[in-house]
Amino acid sequence: MESQNESSDMLSDSYFVPPPLEVATMRQQIPPMMTEISELRSRLKELEGRVYRCRSATSPLRRVPPEILGEIFQDAMGSAAITFKRKKDLTAILLVCKKWRDAAYLTGELWGCISLRLPRTRQMSYEKVSNWMGRSKGFPKTLQIEYNSGGCQAMGECELAAPWLVKLLVDGPPLHRLEILFLPSHCFQGLMDSVEDHVDGHDLTKSSWSQLQELKLQLEIIRPETFEMGGEDVSQSVFRHIPPLSSLSLFLGPKECSKSPWTHHIYLPPTSLQTLTTFNLDCGYDGPQIFVFLQHCKSLQTLYLGLELAYWTWNPENVNVPSLSGDPGCIILPNLRTLTIGVSTVQTAEKLGKHLRIPSLLDLHVKQWGKTTDYSDILIALSPIWVQRTTIMRSLTLQGRTGYGYSKLSAKELTDILSRCGNITHFATSFGFSAKDFLELQNLGDSMRLLPSLEHLEITHIRADFDLESFFQYIEHRRVVQPNDDGQADRLKMLTLSGHPGLDHGQVNQLAQAYRESSYPKLLGESFGIGVNFLPWGYPVDT
């Protein structure tokens, strides 16, 4: 047999034509060899499967604790609230294997934040939402509702006061945060009335609603009658059932009839305000509600005031805020540390500056609203708020307007503003200014060093024609100890420069080239220990 195989191999390896007997013999050998090949392939496939299963069984991934798997799932899902459209991604994780499903159920953070759009075409049930959020166990639960009032009107009834939602707020798992966006004021009133009816004489403070800690309401349309019905009687206010909170975000959009001024008060229960540590208020019309609210906010640590359209024609004497008309004539927020404020008129800024005091302010962020051009006057009018503080302010941010072009300050205006800010350690601005003019003002013989305690200087939204050389010369000039500085050395350690988001590719290249050709970044780092972070596209550029 071996001789036949050898003979066949010799013939197949050469170009000789085999005799007929050899051809017949080789043809007989082919079927058993094919059978053997099939058996060997089957055996190989079986062995490869066994190797794969052994490697899988011994893989380090098998030993990953479910807590770590849960962290991975959480990063994969992201921090945004899970909508019912996105829930299929989480469902896909559950269907991989039992271990993954158990790890996902163990990770409460995956289930604690859900977003719904109302009205819904599909039927929603209390059990479905309650079971979903119940899986978050002891982790904070957040419910976000995006409301379409147009769809509500088309259906002829207010979907916000749906029985399943009312039951969820009263009897469901206690919510940590509730967000209702794009909401007419009368719809929120309908929801609160339904909550009260659901309790049916029982104590609302013992329900899940009373355990709410954070509330965000974005009221798109304000109907005056919604707030006028109770006058100054808080017990009749649309907000009367809001429990004591730690955080409140309130957006009061334009009123339904905006042709005539409306200065009626809006009342929140004092018990809801006294526990606040964070308060965000956007108000688009005239009225004294800001001070009516703030007189009760003695525990505030973070405050945001957006007063873009508020002109404030009212007089403090006509407001039921004793501290405004009496002694000391202003509201004091003793625990406030962070203030973000945006106003569009000097008139509004003057009333805030006159009647608001923040003695312990650390971080200040001032926005430029609308098309106002008197930004420096607004800042000067606001300055009494923090001038008489008992602590050293830590940071100041001046943010120019967005959507209305380029915001600019003259070198003198910027100098006047910074001269009022004392010993802040971090300053950031998106305003454009002439670096050359600014340098010339600081080079005056009797000038004092601005912001002597500054450690981080951040200039954002710079244009392609920004004079980097003059600006770097100013940074170098700060190192010269001035006679009026009492010998205090400059503390600046970090300089951050970032380009305007509206720059095209050519303008970014122009700005980047000016930076690369400058010798100052290297000089500032080696000689003075000042790091320069240059971000024309949002990432560093090598020098």
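All values derive from a computational prediction rather than experimental measurement.
For E455 and R491, the salt-bridge test fails: no basic side-chain N is under 4.0 Å from an acidic carboxylate O.
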Inset, instruction - Evaluate the criterion side-chain contact (heavy atoms from CB on, under 4.5 Å) for residue pair S247 and Q213; output intermediate values, then yes/no. - result: CA-CA 7 Å; S247 175; Q213 293 297 308; over 6 Å; no
Inset, instruction - Please lay out, stage by stage, how I180 and L191 fare under the test side-chain contact (heavy atoms from CB on, under 4.5 Å). - result: CA-CA 11 Å; I180 309 181; L191 175 63; 3.9 Å; yes
Legend entry - Full working for side-chain contact (heavy atoms from CB on, under 4.5 Å) between F291 and L352: CA-CA 9 Å; F291 290 132; L352 283 172; 4.1 Å; yes
Inset, instruction - For side chain to side chain donor-acceptor pair (under 3.5 Å), just list the numbers for T142 and E179, CA-CA rounded to whole Å, side-chain angles, deciding distance to a tenth of an Å, and then say yes or no. - result: CA-CA 8 Å; T142 297; E179 299 181 9; over 6 Å; no
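More than 12 heavy atoms of other residues, nucleotides or ligands lie within 6.0 Å of NZ in K298, so this atom counts as buried by the packing criterion. Heavy-atom contacts from other residues, nucleotides or ligands closer than 6.0 Å to CD of Q513 number 12 or fewer. Under a cut-off of 6.0 angstrom, the local environment of NZ in K137 is crowded, with over 12 non-hydrogen atoms contributed by other residues, nucleotides or ligands.
Atoms CD and CG, from E214 and L245 in turn, are 8.5 Å apart once rounded to the nearest 0.5 Å.
Listed here is the closest heavy atom pair of P452 and R478: CA-NH2, 4.4 Å. Between L457 and I475, the shortest heavy-atom contact is CD2-CD1, 3.8 Å. Taking all atoms of both residues into account, the shortest heavy-atom contact from T107 to G70 is OG1-CA, 3.0 Å.
A donor-acceptor contact under 3.5 angstrom links the side chains of S115 and Q144, judged on distance only. Using modelled atom types, one finds a donor on one side chain and an acceptor on the other under 3.5 Å when comparing S395 with D363.
The aromatic rings of F239 and F188 are tilted relative to each other, their planes meeting at an angle between 30° and 60°.
Not less than 6.0 angstrom separates the ring centroid of Y520 from the ring centroid of Y515.
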